[in-house]
Protein chains: 2
Amino acid sequence: MPAKSSAQIADVPERSSLAAGRNLLFLREEELRLAQDLLFFGYRDFTAGADEILVELGMGRAHHRVLHFVGRRPGITVGDLLGILAITKQSLGRVLQPLVEDGYVTQTPGRNDRRQRLLTLTEKGAALERRLFDRQRETVMRAYREAGPVAVEGFRRVMRGLMGDQARDACDAIEAPPAQGLAR
Amino acid sequence: MPAKSSAQIADVPERSSLAAGRNLLFLREEELRLAQDLLFFGYRDFTAGADEILVELGMGRAHHRVLHFVGRRPGITVGDLLGILAITKQSLGRVLQPLVEDGYVTQTPGRNDRRQRLLTLTEKGAALERRLFDRQRETVMRAYREAGPVAVEGFRRVMRGLMGDQARDACDAIEAPPAQGLAR
DNA sequence: CCAGTTTGGTCAGTAACATTGACGCATCAG
DNA sequence: CTGATGCGTCAATGTTACTGACCAAACTGG
């Protein structure tokens with residue numbers, strides 16, 4: 001693989017530090033453009049498998065996201081889910097409502113706060129989520145296996161770095177023990 | 001950071017290899033679900049900065065993708081661009097046409113094959129692409145800097161692994177010397 | 001208990017991005 | 001000349017998202 005240049009430039013003799021700086025800048029630019037390409041292609045193909053299943057059911061990626069995060073945090077409130085997805089109430093409603101009507105998700109009033117409608121996957125919902133998950137599992141497992149554990153750790157670090165503070169908090173909250181509420 | 005478990009499970013004494021297998025499976029599942037989260041949040045925030053600029057101009061992410069790939073491969077044909085983006089002619093036309101009309105992209109007939117309309121960024125187009133690029137550069141540079149070069153290499157390997165064969169070819173073709181045509 | 005906030009749902013309108021199928025035109029290759 | 005290719009365009013459709021406004025139920029502090 002030829003295009004493996006990471007961060008060494010100084011060993012190439014340059015006429016001036018200015019030229020070296022330009023070269024550095026160029027390499028950085030190439031690196032970043034490569035990152036753009038990788039994220040575009042990688043993300044697209046990562047979601048492609050699940051998308052195929054979803055279209056059969058007349059759903060979209062948004063439905064998958066709801067199933068995914070409700071599955072990760074059973075009993076999540078609508079508000080917390082909105083915070084995670086960072087979409088509007090209306091946008092969520094449009095996908096959540098059909099999911100409830102079709103028996104993929106149940107809404108139960110909160111014990112402490114009965115205004116809340118705690119969201120949980122039904123068996124049917126969990127089964128669909130698992131089906132979608134298994135499809136993506138193949139893709140990710142293959143990538144992880146080929147890349148190796150060190151690369152996986154690096155992948156995680158970079159992806160976390162790409163997130164804004166808000167998303168990082170939300171991500172941490174999902175990963176955290178499901179007892180206490182999400183970051184608010 | 002507590003949730004750093006990567007791939008060690010055997011050190012925890014288990015009652016049976018079956019239980020160990022279940023545990024392994026569980027960890028793998030958690031790993032993969034984490035990957036889903038990371039990709040969702042990371043990709044979203046990666047594109048968020050550029051999206052802000054685009055809405056001001058009445059454009060969307062699709063316009064950015066065209067600017068990006070035309071910028072990477074000046075003189076690309078419409079067909080090759082379609083192959084890279086993996087969208088339909090109509091979808092491309094809807095974004096490409098305004099870009100041409102508004103003077104971001106020029107179409108010039110191919111020298112060898114005059115049916116082709118080779119796409120190139122105008123100065124205006126290159127300026128916008130650079131503006132969008134600079135916005136994403138901040139995000140990626142920060143993530144790269146915080147994660148370190150080893151992590152960056154790992155990130156690249158995993159992202160490449162997520163791609164399907166077709167996307168990997170397309171990605172390689174973009175990275176390759178811009179002389180010969182894209183993989184067809 | 002009442003006022004004000006919070007939680008959630010819902011109305012209507014708009015827009016970006018993508019799809020499918022069909023057709024036309026110019027051009028290239030045999 | 002014929003067929004295939006590259007490109008553009010017609011029309012209809014669907015998903016995902018946005019905005020602003022409004023309402024009902026339930027919690028919270030005084």
Side-chain angles (χ1 to χ4, degrees), chain A residues 40 43-44 47-48 50-68 70 75-101 105-119 181-182 184, chain B residues 40 43-44 47-48 50-68 70 75-101 105-119 181-182 184:
Chain A
F40 170 65
Y43 188 75
R44 192 186 59 182
T47 56
D51 286 348
E52 283 177 24
I53 297 174
L54 290 163
V55 290
E56 291 173 14
L57 300 170
M59 300 190 197
R61 210 172 284 176
H63 300 80
H64 186 188
R65 289 200 278 263
V66 170
L67 290 173
H68 171 75
V70 172
I76 190 175
T77 66
V78 173
D80 284 341
L81 187 54
L82 283 174
I84 288 171
L85 297 174
I87 59 175
T88 59
K89 225 178 345 178
Q90 295 82 344
S91 296
L92 176 59
R94 202 173 16 76
V95 293
L96 183 55
Q97 213 169 311
L99 286 173
V100 172
E101 286 171 1
V105 174
T106 53
Q107 295 171 311
T108 58
R111 319 133 307 259
N112 303 329
D113 187 338
R114 277 182 306 176
R115 290 174 306 182
Q116 297 177 335
R117 313 225 178 147
L118 307 184
L119 305 173
L182 299 177
R184 297 286 313 163
Chain B
F40 169 66
Y43 187 76
R44 192 186 58 182
T47 56
D51 287 346
E52 283 177 25
I53 297 173
L54 290 163
V55 290
E56 291 173 15
L57 301 169
M59 300 190 198
R61 211 173 284 176
H63 300 81
H64 186 189
R65 288 200 278 263
V66 170
L67 292 172
H68 172 76
V70 171
I76 190 174
T77 66
V78 173
D80 283 341
L81 187 54
L82 282 175
I84 288 172
L85 297 174
I87 58 175
T88 59
K89 222 179 346 177
Q90 295 81 345
S91 295
L92 177 59
R94 201 171 16 74
V95 294
L96 183 55
Q97 210 170 312
L99 285 173
V100 172
E101 287 170 1
V105 174
T106 53
Q107 295 170 311
T108 58
R111 319 132 308 258
N112 303 328
D113 186 338
R114 277 182 305 176
R115 290 173 304 180
Q116 297 177 335
R117 313 230 179 145
L118 307 184
L119 305 174
L182 299 178
R184 298 284 314 162

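So that the names make sense, note that chain A is the first sequence line, chain B the second, and so on, each numbered from 1. What's counted below: heavy atoms across the whole structure, side chains too, no hydrogens, waters or symmetry copies.
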Peer 1: Please tell me if the side chains of A:R65 and A:I84 come closer than 4.5 Å, counting only heavy atoms from C-beta onward.
Peer 2: no
Peer 1: Under 3.5 Å, is there an N or O donor on one side and an acceptor on the other linking the side chain of A:R115 and the base of C:dT7?
Peer 2: no
Peer 1: Whole angstrom is fine here: how far is it from CG in B:L92 over to C1' in D:dG6?
Peer 2: 13 Å
Peer 1: Would you kindly give the CD1-to-P distance between B:I87 and D:dT15, to the nearest whole Å?
Peer 2: 19 Å
Peer 1: Is the distance from OP1 or OP2 of D:dT15 to the nearest side-chain N or O of A:R61 less than 4.0 Å?
Peer 2: no
Peer 1: Would one find a side-chain N or O of B:S91 under 4.0 angstrom from OP1 or OP2 of C:dC17?
Peer 2: no
Peer 1: Round to a whole Å and report the spacing from CG of A:L118 to C1' of D:dA26.
Peer 2: 14 Å
Peer 1: Can you tell me how far P of D:dA17 sits from CD of B:E52, to the nearest Å?
Peer 2: 17 Å
Peer 1: Checking all strands, does A:G60 fall into the base, sugar-phosphate, or nothing category for heavy-atom contacts under 4.0 angstrom?
Peer 2: sugar-phosphate
Peer 1: Quick one: does A:L119's side chain get under 4.5 Å of A:Q107's, heavy atoms only?
Peer 2: yes
Peer 1: When you measure from the side-chain N and O atoms of A:R114 to the phosphate of D:dC27, is any distance below 4.0 Å, counting only OP1 and OP2?
Peer 2: yes
Peer 1: Could you give the distance from CZ (B:R44) to CD1 (A:I87), rounded to the nearest 0.5 Å?
Peer 2: 9.5 Å
Peer 1: Within the pair B:H63 and C:dC17, is there a side-chain N or O less than 4.0 Å away from OP1 or OP2?
Peer 2: yes
Peer 1: Under 3.5 Å, is there a donor-acceptor pair between the side chain of B:R61 and the main chain of B:A50?
Peer 2: no
Peer 1: Under the 3.5 Å rule, do the base of D:dG20 and the side chain of A:Q90 count as making a donor-acceptor pair?
Peer 2: yes
Peer 1: DNA chain D: A:M59 or B:Q97, which has the more 5' nearest nucleotide?
Peer 2: B:Q97
Peer 1: Heavy-atom nearest nucleotide on DNA chain C for B:A86 versus A:L119: which residue maps closer to 5'?
Peer 2: A:L119
Peer 1: Taking the side chain of B:V78 as its heavy atoms from C-beta onward, which of D:dC27, D:dG8, C:dA18 lies nearest to it?
Peer 2: D:dG8
Peer 1: Provide the closest heavy-atom pair for A:G60 versus A:H63 in the form atom of the first, atom of the second, distance.
Peer 2: N-ND1, 2.9 Å
Peer 1: Under 4.5 Å between any side-chain heavy atoms of B:L99 and B:M59, yes or no?
Peer 2: yes
Peer 1: In whole angstrom, give the distance that lies between atom CD of A:E101 and atom C1' of C:dT10.
Peer 2: 13 Å
Peer 1: Does a side-chain N or O from A:T88 land closer than 4.0 Å to OP1 or OP2 of D:dC18, or not?
Peer 2: yes
Peer 1: Would you say B:R94 places a side-chain N or O within less than 4.0 Å of OP1 or OP2 belonging to C:dA16?
Peer 2: no
Peer 1: Ignoring backbone atoms, test whether B:R65 places a side-chain nitrogen or oxygen under 4.0 Å from the OP1 or OP2 oxygen of C:dA18.
Peer 2: yes
Peer 1: Report the distance from atom CG of B:D51 to atom P of D:dC18, rounded to the nearest whole Å.
Peer 2: 11 Å
Peer 1: If you check the A:A62 side chain, which of D:dA17, C:dG9, C:dC17 turns out closest?
Peer 2: D:dA17
Peer 1: Once you apply a heavy-atom cut-off of 4.0 Å, does B:G110 come out as touching a base, just sugar-phosphate, or nothing?
Peer 2: nothing
Peer 1: Contact class for B:N112 (heavy atom, under 4.0 Å): base, sugar-phosphate, or nothing?
Peer 2: sugar-phosphate
Peer 1: What is the distance, rounded to the nearest whole Å, between atom CG of B:L81 and atom P of D:dG8?
Peer 2: 10 Å
Peer 1: Judged by each residue's nearest nucleotide on DNA chain D, which is more toward the 5′ side, A:G58 or B:L96?
Peer 2: B:L96
Peer 1: If I take atom CG in residue B:L67 and atom P in nucleotide C:dC17, what distance separates them, rounded to the nearest angstrom?
Peer 2: 11 Å
